[in-house]
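Quick note: numbers below take in every heavy atom, side chains included, and nothing from hydrogens, waters or symmetry partners. In this text the structure is predicted, and so the values were computed from the model without any measurement.
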Amino acid sequence: MNVTRAMGAAMRRIHVGNALSAFGLGFTVPYLYVYVAQVRGLGAMTAGLVLAVFAVAALIVLPFAGRAIVRRGPLPVLLAALVTAALGALSLGLAGNAAAVLLSAAALGAGQAVMQPALATMIVDCSTADTRSRAFAMQFFLQNLGLGIGGLIGGHLVDVTRVSSFTLLFAIEAAMFLLLVVVMATVRMPHSPRIEDAPAESAKGSWKQLLGNRAMVQLCVLGFVLFFACYGQFESGLSAYGVEAAGISTSALGTALAANTLMIVVAQFAVLKFVERRRRSRVIAAVGLIWAVAWLTAGYAGLGHGSQEMATAAFVSTYALFGLGEAMLSPTVAPLVADLAPEGMAGQYNSAFALVKQLALAVGPAVGGPLGASLHAPYIVTFLLFSLGITVLALRLGRGLTPVQDRPWLARGSRVVTRGGAPAEPVAAEA
């Protein structure tokens, strides 16, 4: 059964919201370091602290965000996050000293972090088990498109000799978030169970319930490895390795990042047709193998004896292969998180998974950066093994999933699958 007309209208606004938020972030994220360290003259140390504050703010707010989404619904939480992020962006553009910059970054980081599980839960509430993979694929597509376009336009607006150009950039980002408040305030969400509809539980109890779901715990471990071995290396270890070991120029590094985004944008829906009728656990396992090939290609770029042109081509291909894997994961992992969640608990599960992602993104650069810059062969071997570990963990996860969780097309027409995508009977047995 297809989504209702109301759910379809809400989903369209949610996708517009995803694109707008990504567009706004694309304006500023690539230029944060330059803005703080050079334009404001606060130095590399403060710029590094700003990036750390983003991660810390996310880690602090996400455990509370899930509970708030369950109790209040995702829309009010999203609106609060957007206002917080808008204030953070605007104040960051006006901040002239280290304290103001760090406080502004904390507000922007916290708001940005809460947007992710809130929007993901809205997608869950406005989709069925049969349409959820396509909805999350569209979300990922629009996010990458928005980030790419925002970064491209932002790069033409900024001028490191003029503070006002960066103030304009952050003001545009804040305006995007406030425009998104207006758009999302018009969304009419379908009724979905809230915590008030069920027997009262403490926050501690809901986390205990989540940790008692063995499949969800396995997925969180798998998710940590996924984000640590891929996303956590893009702008830290892998780029340092490319520059130091492969002699990649900064322009070639930009080309590699563009190849990653282009692969996602071009391949997303072709890949979706491929993965929709395949077991989720095996799709994730295949991603591990693709990323293992990507790390071998990176190894050739930096450790092989080919020409500089061959090394550059191999390095760009590495980022493209990572993009192919990302396109396969977007319609697979996020819907699986939703399908593992008991009725009314999608917000808690989305926030828990977002927390795992943030931990991996915090630890990944700290480990990968020094390795990639100086220990080239150990770096490649380490992350090649992590990629093969993804395959092993995914196959192991598959053995703990119900048939409907691993093969969602079986849910078509089934009354066992409830709103929120979690098969009521099997999940109750697992939790």
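Within the 4.5 Å cutoff, the side chain of L226 has no heavy atoms near those of the L393 side chain. Annotation: side chain of L359 is not in contact with side chain of F227 (no heavy-atom distance under 4.5 Å). Inter-residue side-chain proximity for Y300 and M310 is flagged as met; some heavy-atom pair is nearer than 4.5 Å. With contacts defined as side-chain heavy-atom distances shorter than 4.5 Å, the pair L145/I149 qualifies. Proximity of K357 to F224: side-chain heavy atoms (C-beta onward) are nowhere separated by under 4.5 Å. Within the 4.5 Å cutoff, the side chain of Y349 has heavy atoms near those of the P342 side chain.
Heavy atoms only, all atoms of each residue included: A320 and M263 are closest at O-CG, 3.3 Å. Closest approach of A105 to V53, counting heavy atoms only: C-CG1, 3.9 Å. Closest approach of L78 and A118 over heavy atoms only: CB-CB, 3.9 Å. For the residue pair A215 and L397, the shortest heavy atom distance occurs at O-CD1, 3.5 Å. Among all heavy-atom pairs drawn from V356 and G223, the shortest one is CG1-C, 4.2 Å. The heavy-atom pair separating L108 from A85 by the smallest distance is CD1-O, 3.5 Å.
Within a 6.0 Å radius of CZ in R278, other residues, nucleotides and ligands contribute more than 12 heavy atoms.
Counting only N and O atoms by type, the side chains of Q139 and S330 include no donor and acceptor under 3.5 Å apart. In the model, Q116 has no side-chain atom that pairs as donor or acceptor with a side-chain atom of N350 under 3.5 Å.
At distances below 3.5 Å, not a single donor-acceptor pair connects side-chain atoms of Y35 with backbone N or O atoms of F166. R280 places a side-chain N or O within 3.5 Å of a backbone atom of Q405 that can act as its donor or acceptor partner.
Checked against the 6.0 Å centroid threshold, F322 and W295 count as a close aromatic pair. In this structure, Y379 has its ring center closer than 6.0 angstrom to the ring center of F383. Between F140 and F136, the distance from one ring center to the other does not fall under 6.0 angstrom.
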Take T121 and V70 through the side-chain contact (heavy atoms from CB on, under 4.5 Å) test and state the conclusion after the steps. CA-CA 9 Å; T121 305; V70 170; over 6 Å; no

For L401 and L340: C-alpha separation, side-chain torsions, deciding distance, then whether side-chain contact (heavy atoms from CB on, under 4.5 Å) applies. CA-CA 9 Å; L401 299 176; L340 288 172; 4.0 Å; yes

Is there a side-chain contact (heavy atoms from CB on, under 4.5 Å) between V275 and S133? Walk through the geometry before answering. CA-CA 9 Å; V275 304; S133 292; over 6 Å; no

Given salt bridge (charged side-chain N to carboxylate O under 4.0 Å, His left out), test R132 with D339 step by step and report yes or no. CA-CA 10 Å; R132 197 160 293 139; D339 288 354; 2.9 Å; yes

Checking L82 against L178 for the side-chain contact (heavy atoms from CB on, under 4.5 Å) test, could you report, in this order, the C-alpha distance in whole Å, the side-chain angles of both residues, the deciding distance, and whether it holds? CA-CA 7 Å; L82 287 168; L178 293 177; over 6 Å; no

Determine, step by step, whether N260 and E326 satisfy the side chain to side chain donor-acceptor pair (under 3.5 Å) criterion, reporting the C-alpha distance in whole Å, the side-chain angles of both residues, the deciding distance to 0.1 Å, and the verdict. CA-CA 9 Å; N260 176 264; E326 291 174 76; 2.8 Å; yes

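Interatomic distance, CG of N144 versus CG of N18, reported as 11.0 Å (0.5 Å rounding). A distance of 4.5 Å separates CZ of F228 from CZ of F386, quoted to the nearest 0.5 Å. Between the CG atom of L355 and the CD atom of Q358 there is a distance of 8.0 Å, given to the nearest 0.5 Å. A distance of 13.5 Å separates CZ in R396 from OG in S281, rounded to the nearest 0.5 Å. Here L272 contributes atom CG and M138 contributes atom CE; the two are 9.5 Å apart, rounded to the nearest 0.5 Å. From F177, atom CZ reaches atom CE of M184 across 13.5 Å, with rounding to the nearest 0.5 Å.
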